[in-house]
Colleague: 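Shown below is the structure under consideration.
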Amino acid sequence: MGHYKSNLRDLEFNLFEVLGRDEVYGSGPFADMDVETAKSILAEISRLAENELAESFADADRNPPVFDPETNTAPVPETFKKSYQAYMDAEWWRLGIPEAIGGTPTPNTLIWAYAEMILGANPAIWMYSSGPAFAGVIADEGTEEQLKVAKLMADKGWGSTMVLTEPDAGSDVGAGRSKAIRQEDGTWHIEGVKRFITSGEHDMADNIIHMVLARPEGHGPGTKGLSLFIVPKYDFDWETGELGERNGVYATNVEHKMGLKASNTCELTFGDRHPARGWLLGEKHDGIRQMFRIIEFARMMVGTKAIATLSTGYLNALEYAKERVQGPDLAEFLDKTAPRVTITHHPDVRRSLLTQKAYAEGMRALVLYTASVQDDISLLKARGESADAAERLNDLLLPIVKGYGSEKSYEQLAQSLQTFGGSGYLQEYPIEQYIRDAKIDTLYEGTTAIQGQDFFFRKIVKDQGQALTALSEQIQKAIAGGLGGDELSVEREFLASAAGDLEAIVGAMLSQLGQVEQDTRNMYLVGQNTSRLLLASGDVVIGWLLLRQAAVAQAKLAAGASDKDVPFYQGKIAATRFFTRTVLPLVHGQRLLVEGVDNAIMDLPEAAF
């Protein structure tokens with residue numbers, strides 16, 4: 001068994017005891033995916049993740065791919081190839097991709113539940129295996145002819161990439177200068193340099209299909225002028241998949257990174273040696289909308305990856321704490337003859353462990369709740385009903401999953417390491433690698449600052465608060481309805497107070513925004529608080545989701561839970577009580593900061609920094 005520790009019990013608890021997915025699985029578009037089938041899938045993936053997938057995690061970090069500038073290649077380690085092939089051979093990646101390319105209709109809750117285990121065990125495996133998921137986008141967005149490309153990607157296990165970022169433009173995607181030149185045969189020649197391209201080069205697939213944003217000649221500036229192109233590493237026969245000549249896209253560098261070293265992060269150069277041929281996706285210039293289908297999937301993945309890493313970090317720390325004997329019980333500190341105890345007896349260690357547990361389990365609930373909204377979207381569309389409200393809610397939740405999930409996971413992984421003391425700093429335990437691998441989650445697919453701005457300006461202001469109001473109403477309904485009964489009344493009061501503070505934060509920021517017409521510098525006040533709003537929102541949503549879990553756990557205990565389940569349910573109640581009483585009160589402090597913000601930092605001369 002490798003480093004990874006799954007939490008299959010908590011995944012099933014969320015799916016079938018809290019979120020009621022037993023009422024969804026086996027019905028409508030998911031008729032072939034009943035509860036027992038789903039549970040068997042999760043159990044098998046848990047076994048695979050803890051063993052074959054986790055086995056190469058450390059080795060690929062210590063012996064990462066090396067870029068060869070002579071051949072423009074970066075082969076991955078043999079140990080990693082073995083893990084990757086074990087995942088591809090199991091073919092769980094078929095879950096959720098379109099039936100037209102060999103997929104199985106699957107609820108998003110099941111997809112992200114199993115994704116957690118892959119991403120926690122060896123995240124680069126999920127990233128390299130993105131071909132079928134990206135093929136699904138081509139199948140949905142492409143022409144009938146391009147559907148052949150999507151089928152080949154799935155059938156042959158080809159890799160894929162999302163290609164946005166350029167060295168000079170960075171996160172300002174609309175400033176990209178890569179261009180596309182129309183050819184007489186209907187293809188396009190792509191020219192330019194892209195950076196930070198995950199899985200841009202490797203030797204685990206015969207071909208790699210790059211999904212490239214570029215600006216067709218004559219198109220205007222900004223994101224609206226961009227189109228999305230299918231650019232293969234090798235040309236190929238669209239009927240048989242037989243590979244042809246090398247296309248003119250090459251990896252020209254592989255980044256040396258802090259972590260996640262098994263994953264090749266590449267600079268890709270298009271058209272400098274010979275033409276890089278591409279095909280316009282769907283034969284329509286709708287690039288940024290099409291790419292955002294991939295971006296939103298990637299943001300969900302990033303948040304899930306971060307949370308999965310915290311979960312296994314916590315479980316590793318917990319195991320160590322239960323075994324590590326050090327010092328006497330603090331209540332007996334004056335007795336020099338007192339026996340030494342395991343560190344789980346020490347109050348500060350317990351505080352740290354319960355904090356890690358609350359965040360890990362609360363954020364798992366966040367991912368699966370968001371995925372349940374995605375389930376609802378599929379169900380509504382299958383019935384021919386409007387999914388507008390559900391889509392708005394999903395859009396609102398995604399920045400919290402990605403931004404809050406990545407920030408809090410990285411923060412709490414430091415606590416996981418602290419549990420080990422000095423041993424945690426050593427490579428004989430996985431936590432130091434977890435921390436290095438998880439730091440990227442706060443950065444790519446939009447930094448936390450970008451998530452905060454998107455959350456406020458697009459998901460609240462542009463949406464006119466519709467999704468935020470709908471979410472707030474769910475939280476208020478739980479509070480007003482006495483969720484959890486008298487036993488959780490104090491926790492509901494803490495949640496109500498934090499929800500009120502969050503409402504005040506939003507109100508203050510909307511007021512600041514409303515004053516921009518009188519003084520444009522008021523926009524600086526808003527800009528200082530968007531990340532603060534995002535993180536405070538995450539705290540409140542997690543508090544609500546933990547309360548839901550505690551209410552279920554309490555009911556199960558009252559009904560006479562089995563002996564093996566009693567500690568699990570007790571832990572749920574304890575985590576909720578701890579989080580609501582120690583984390584939610586901090587939202588009030590964030591409210592005071594938002595309401596008292598001024599532009600002093602904007603008036604500070606640059607030289608003073």
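These values consider heavy atoms only, across backbone and side chains, with no hydrogens, waters or symmetry-generated copies.
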Colleague: Side chains of Thr448 and Glu407: is there a donor and an acceptor less than 3.5 Å apart?
Modeller: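 Yes, because at least one side-chain N or O of Thr448 sits under 3.5 Å from a partner of the opposite role on Glu407.
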Colleague: Given side-chain hydrogen bond (donor to acceptor under 3.5 Å, both in side chains), test Ser372 with Asp376 step by step and report yes or no.
Modeller: CA-CA 6 Å; Ser372 75; Asp376 293 343; 5.2 Å; no
Colleague: Checking Ser263 against Thr198: is there a side-chain donor and acceptor pair closer than 3.5 Å?
Modeller: no
Colleague: Taking atom CD1 of Ile209 and atom CH2 of Trp158, what is their separation to the nearest 0.5 Å?
Modeller: 5.5 Å
Colleague: Supply the atom-to-atom distance Ser199 OG to Tyr128 OH, rounded to the nearest 0.5 angstrom.
Modeller: 5.5 Å
Colleague: Shortest non-hydrogen contact from Lys156 to Gly241?
Modeller: CE-CA, 3.7 Å
Colleague: Output, in order, the C-alpha distance, side-chain angles, deciding distance and verdict of ring pair (Phe, Tyr, Trp, His ring centres under 6.0 Å) for Phe13 and Phe568.
Modeller: CA-CA 10 Å; Phe13 171 73; Phe568 175 81; 5.2 Å; yes
Colleague: Only pairs at least two apart or in different chains count here, so list each ring pair (Phe, Tyr, Trp, His ring centres under 6.0 Å) that has a residue in residues 360-398.
Modeller: Tyr369-Trp544
Colleague: Are Ser6 and Glu50 close enough that a side-chain donor and a side-chain acceptor fall under 3.5 Å?
Modeller: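 Yes, a side-chain donor-acceptor pair sits under 3.5 Å.
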Colleague: Tell me whether the count of non-hydrogen atoms from other residues, nucleotides or ligands lying under 6.0 Å of NZ in Lys82 goes above 12.
Modeller: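 Not buried by this count: 12 neighbours or fewer within 6.0 Å.
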Colleague: If you compare all heavy atoms of Ala139 against all heavy atoms of Leu147, which two are closest, and at what distance to 0.1 Å?
Modeller: CB-CD1, 3.7 Å
Colleague: Has Trp93 got a side-chain atom pairing as donor or acceptor with Met88's backbone, closer than 3.5 angstrom?
Modeller: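 Judged by distance alone, yes, a pair lies under 3.5 Å.
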Colleague: Working to the nearest 0.5 angstrom, can you tell me the gap between Leu228 CG and Met162 CE?
Modeller: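 The CG atom of Leu228 sits 10.0 Å away from the CE atom of Met162.
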Colleague: Do side-chain atoms of Glu361 reach the backbone of Ala358 as a donor and acceptor pair under 3.5 angstrom?
Modeller: no
Colleague: Considering all heavy atoms of both residues, which atom of Ser386 and which atom of Leu380 are nearest to each other, and what is their separation?
Modeller: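 Looking at all heavy atoms of both residues, the shortest contact is O-CD1, 3.8 Å.
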Colleague: Begin with the C-alpha distance, continue with both residues' side-chain angles, and end with the deciding distance and a verdict on side-chain hydrogen bond (donor to acceptor under 3.5 Å, both in side chains) for Thr143 and Glu283.
Modeller: CA-CA 7 Å; Thr143 63; Glu283 289 300 326; over 6 Å; no
Colleague: What are the two closest heavy atoms between Gly157 and Ala205, and how far apart are they?
Modeller: O-CB, 3.5 Å
Colleague: Using the side chain to side chain donor-acceptor pair (under 3.5 Å) definition, which of the options Lys556, Gln549, Glu17, Gln554 pairs with Tyr569?
Modeller: Glu17
Colleague: If you round to the nearest 0.5 Å, how far is OG1 of Thr165 from CG of Leu268?
Modeller: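 Rounded to the nearest 0.5 Å, the CG-OG1 separation comes out at 11.0 Å.
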Colleague: Is any NZ, NE, NH1 or NH2 atom of the basic residue among Asp463 and Lys459 found under 4.0 Å from an Asp or Glu carboxylate oxygen of the other?
Modeller: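 Salt bridge flag = no for Lys459 with Asp463.
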Colleague: Give me the ring orientation class for Trp126 and Phe297: parallel if the planes are under 30° apart, tilted from 30 to 60°, perpendicular past 60°.
Modeller: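 Parallel, since the angle between the ring planes stays under 30°.
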Colleague: For Leu110, does its backbone N or O pair with a side-chain atom of Tyr25 as donor and acceptor, under 3.5 Å?
Modeller: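 Flag set: sc Tyr25 to bb Leu110 pair under 3.5 Å.
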Colleague: For the residue pair Thr79 / Ser56, report whether a side-chain donor-acceptor contact shorter than 3.5 Å exists.
Modeller: no
Colleague: Between atom OG of Ser171 and atom CG of Leu164, what is the distance when rounded to the nearest 0.5 Å?
Modeller: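 These two atoms lie 10.0 Å from each other.
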Colleague: Please determine, by modelled atom types, if Asn264 and Glu201 share a side-chain donor-acceptor pair under 3.5 angstrom.
Modeller: no
Colleague: Do Thr109 and Asp375 have side-chain N/O donor and acceptor atoms under 3.5 Å apart?
Modeller: yes
Colleague: Pair Phe80, Ile125 - check side chain to side chain contact (heavy atoms under 4.5 Å, CB included), show working.
Modeller: CA-CA 8 Å; Phe80 184 85; Ile125 290 175; 3.7 Å; yes
Colleague: Can you see which heavy atom on Lys357 is nearest to which on Ala575, and at what distance?
Modeller: CE-CB, 4.2 Å
Colleague: Can a salt bridge be assigned to the pair Asp203 and Lys81 using a cut-off of 4.0 Å between side-chain N and carboxylate O?
Modeller: yes
Colleague: Do the side chain of Asp437 and the main chain of Gly259 share a donor and acceptor less than 3.5 angstrom apart?
Modeller: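 Side chain of Asp437 to backbone of Gly259, a donor-acceptor pair under 3.5 Å: no, none is there.
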Colleague: Are more than 12 heavy atoms from other residues, nucleotides or ligands located less than 6.0 Å from atom CG of Asp32?
Modeller: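 No, not enclosed.
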Colleague: Regarding Lys39 and the six-membered ring of Phe16, is the cationic atom NZ or CZ under 6.0 Å from the ring centre and inside 45° of its axis?
Modeller: yes
Colleague: For Trp279, run the ring-ring contact (aromatic ring centres under 6.0 Å, His included) check against Trp188, Phe236, Trp238 and tell me which one passes.
Modeller: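 Exactly one pass, corresponding to Trp238.
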Colleague: Checking Asn247 side chain against Asp235 main chain: does a donor-acceptor pair fall under 3.5 Å?
Modeller: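 Not a single qualifying donor-acceptor pair exists.
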Colleague: Assess whether atom CD of Gln85 is packed by more than 12 heavy atoms of other residues, nucleotides or ligands within 6.0 Å.
Modeller: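 Check passes, neighbour count above 12.
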Colleague: Regarding Lys381 and Ser378, is there a side-chain donor-to-acceptor distance under 3.5 Å anywhere?
Modeller: no
Colleague: Walk me through it: do Leu398 and Met300 pass the test side chain to side chain contact (heavy atoms under 4.5 Å, CB included)?
Modeller: CA-CA 6 Å; Leu398 281 176; Met300 187 78 174; 3.7 Å; yes
Colleague: Is the closest side-chain donor-acceptor distance between Asn122 and Tyr87 under 3.5 Å?
Modeller: no
Colleague: Do other residues, nucleotides or ligands put more than 12 heavy atoms under 6.0 Å from the CD atom of Glu23?
Modeller: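 Atom CD in Glu23 is not packed in, count stays at 12 or less.
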Colleague: Report yes if the distance between the aromatic ring centroids of Phe229 and His210 is under 6.0 Å, otherwise no.
Modeller: no
Colleague: Tell me if a side-chain donor or acceptor on Asn316 pairs with a main-chain N or O of Thr312 at a distance below 3.5 Å.
Modeller: yes
Colleague: Measure from the side-chain N and O atoms of Thr370 to the backbone N and O of Leu366, and report whether any donor-acceptor pair falls under 3.5 Å.
Modeller: yes
Colleague: Charged N to carboxylate O below 4.0 Å: is that the case for Asp565 and Arg9?
Modeller: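 Answer for the salt bridge query: yes.
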Colleague: Hydrogens and angles aside, do Gln451 and Lys402 bring a side-chain donor and acceptor to less than 3.5 Å of each other?
Modeller: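 Result is no, nothing qualifies.
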Colleague: For the CG atom of Leu152 and the CD1 atom of Ile138, what is their distance to the nearest 0.5 Å?
Modeller: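 It is 10.5 Å, given to the nearest 0.5 Å.
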Colleague: For the residue pair Tyr359 and Ser409, confirm or rule out a side-chain donor-acceptor distance under 3.5 Å.
Modeller: no
Colleague: Short question: side chain of Lys5, backbone of Leu315 - any donor-acceptor pair under 3.5 Å?
Modeller: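 Checked: no pair found.
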Colleague: Looking only at the side chains, is there a donor atom on one of Gln290 and Asp286 sitting less than 3.5 Å from an acceptor on the other?
Modeller: no
Colleague: Could you give me the CA-CA distance, side-chain angles and deciding distance for Phe30 and Leu379, then say whether side chain to side chain contact (heavy atoms under 4.5 Å, CB included) is met?
Modeller: CA-CA 9 Å; Phe30 312 127; Leu379 292 167; 3.9 Å; yes
Colleague: Check whether any side-chain N or O of Lys148 sits under 3.5 Å from a backbone N or O of Glu239 as a donor-acceptor pair, and report yes or no.
Modeller: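 Flag not set: sc Lys148 to bb Glu239 has no pair under 3.5 Å.
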Colleague: Taking salt bridge (Lys or Arg N to Asp or Glu O under 4.0 Å) as the cut-off, I'd like each qualifying pair that reaches into residues 292-307, sequence neighbours left out, listed once.
Modeller: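 Only Asp140-Arg293, Glu141-Arg293, Lys305-Asp441 qualify under salt bridge (Lys or Arg N to Asp or Glu O under 4.0 Å).
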Colleague: Using modelled atom types and a 3.5 Å cut-off, is there a donor and acceptor pairing between side-chain atoms of Asn7 and backbone atoms of Asp10?
Modeller: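 The answer is yes, because a donor-acceptor pair under 3.5 Å joins these two groups.
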Colleague: Determine, stepwise, if the pair Tyr404 / Ser537 fulfils side chain to side chain contact (heavy atoms under 4.5 Å, CB included).
Modeller: CA-CA 9 Å; Tyr404 180 89; Ser537 298; over 6 Å; no
